[in-house]
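On a predicted model such as this, the values are computed, not experimentally measured, just so you know.
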Amino acid sequence: AAKDAWCPACGVAALAPGPQRDALLALAKQSILAKLRLPARPSGPQPPARGALLTALRRMRAQRSDAAAPPGMLRDGRVASRRSSTPRSVHLHFRFSQEVAGSTEILQATLYLFWAAPGPGAQPVTVRLLQPDPAGPNMTVASETRLEVQRPGWTTLDVRAAVRSLFGQDIPRLTVELEVPEDWGSPLLSDHSDSHWPFVVTQARARTPHRVHRR
Amino acid sequence: GIDCGGDSRMCCRQEFFVDFKEIGWEDWIIQPDGYHMNYCAGLCPLHMAGVPGLAASFHTAVLNRIKAASAAAAVDSCCVPTQRRPLSLLYYDRDSNIVKTDIPDMIVDSCGCT
C-alpha cells in the first residue's frame, strides 16, 4: 500500500513471492558489488595460457624421466666439471674470475655441496682441497675434512684459507676432491638444473672501497 | 527480535538464503557457497514504535498501551534490521587475484520497529 511504500524495507514484503525473490536476489547482488566497489561481477579466473601449460607439462615429464634414471647418476654441469677420477672419488674445479683474482683481500669463502639421497645411515665423505704442487705437475692436499652425511641437503665448508692461497697462482682455480664409500656411487645430486650443483661463495674486498661479492 | 513464521503479521525477520550458484556467481566467489541475507517484514503499529523487536518486557507492554491510548498522529513506524553481521568472502578479483574480504552489515540477525 502507498502508506508502506515510504519504508525502504516495507515495499519488498508486499510483493508476490516470485517477483519478491527476484527483487531480493537483485538487492543481494547490488549490495555485494557495491561494497566490493566492483562495477560488475569479475569474469572469474582465466585458465593459464596454452603455451605456459605445455611448457610446464614438458618440464614435469623431463623431471619424471630424470627421476627414472638410476639414483646418483651425474650429468655434466657447468659449475663443477668432473675430471677422470678413481671410482671412489670425484674432482670438482672452481675457477674464479680475474675480477675477483685482482682483489687483494678475501673476507670469506664457503663451499656449498648438495648431497643426493645417501644410503641408509650416515655416509662418511672425505673432502680434500687440492692445490698445484710448485715442485711439479701433481696436486698436493691443502686440507682434508671428514663429513658424516646423514640426509639429503646442503652442506657448507669454510674454504677461505684455500681460496686465499689461490691468488698467488696465474690461473686461480680451486680443486676439491670428494671421496665416498665404494657402494655409494657419486654423492652429488643428479639434478638437471644447475640449482643443486656445488658452488663457492666468496666475499672479497677490492682495492677501491666498494666490495665484490661473487658466487 | 523474532523470526517470521506462522501467521504473524507484526515486524519480524524473514529467513532468505542467497545461493551463489543460483545467481551464477560460483565461478568467481570461491567461498562461501552462499549466505543468509534475511530481511525484515511486518507491521509496526504506533504502539510498537521504537522497540527492538516484539520480545518486549512487561514494562514496555504497559508503555505501549499508553502510547496506543494517546492516539497521536497515526503514522506507523518501519520494520528495519536492528542487528547485522559481516559477510566474509574469498573471491577472484578482475585480475584473477584471490582476495579475502569481510563486507560489513550484510547478514540481518534481528529486526525491530523504528
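- Smallest separation of non-hydrogen atoms from A:Arg21 and B:Phe16: NH1-CE1, 3.0 Å.
- Under the 4.5 Å side-chain criterion, counting only non-hydrogen atoms from C-beta, A:Ile32 is in contact with B:Tyr35.
- Contact of the A:Pro42 side chain with the B:Tyr92 side chain is not registered, since no non-hydrogen atoms from C-beta on lie closer than 4.5 Å.
- In this structure A:Arg160 satisfies the side-chain contact (heavy atoms from CB on, under 4.5 Å) test together with A:Ile106, A:Ala109, A:Asp158, A:Arg164, sequence neighbours excluded.
- The closest side-chain heavy-atom distance from B:Val18 to A:Leu24 is not below 4.5 Å.
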With a 3.5 Å cut-off and sequence neighbours excluded, list the donor-acceptor pairs that the side chains of residues 93-104 of chain B form with protein atoms.
| residue | atom | partner | partner atom | Å |
| --- | --- | --- | --- | --- |
| B:Asp93 | OD1 | B:Asp95 | N | 2.9 |
| B:Asp93 | OD1 | B:Ser96 | N | 3.1 |
| B:Asp93 | OD1 | B:Asn97 | N | 2.8 |
| B:Asp93 | OD2 | B:Asn97 | ND2 | 3.4 |
| B:Ser96 | OG | A:Gln46 | N | 3.4 |
| B:Lys100 | NZ | B:Asp102 | OD1 | 3.1 |
| B:Asp102 | OD1 | B:Ser88 | OG | 2.6 |

Step by step, would you call A:Lys29 with B:Phe20 a side chain to side chain contact (heavy atoms under 4.5 Å, CB included)?
CA-CA 9 Å; A:Lys29 287 182 179 179; B:Phe20 292 136; over 6 Å; no
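- Proximity to chain A is absent for every atom of B:Asp19, based on heavy atoms less than 4.5 angstrom apart.
- The part of B:Glu22 that comes within reach of chain A is its side chain, from C-beta onward, which places non-hydrogen atoms under 4.5 angstrom from that chain.
- At least one side-chain heavy atom of B:Met37 sits less than 4.5 Å from a side-chain heavy atom of A:Leu27.
- Heavy atoms only, all atoms of each residue included: A:Ser31 and B:Met106 are closest at OG-CE, 3.5 Å.
- Across all their heavy atoms, B:Asp27 and A:Ser43 have their closest contact at OD2-O, 3.9 Å.
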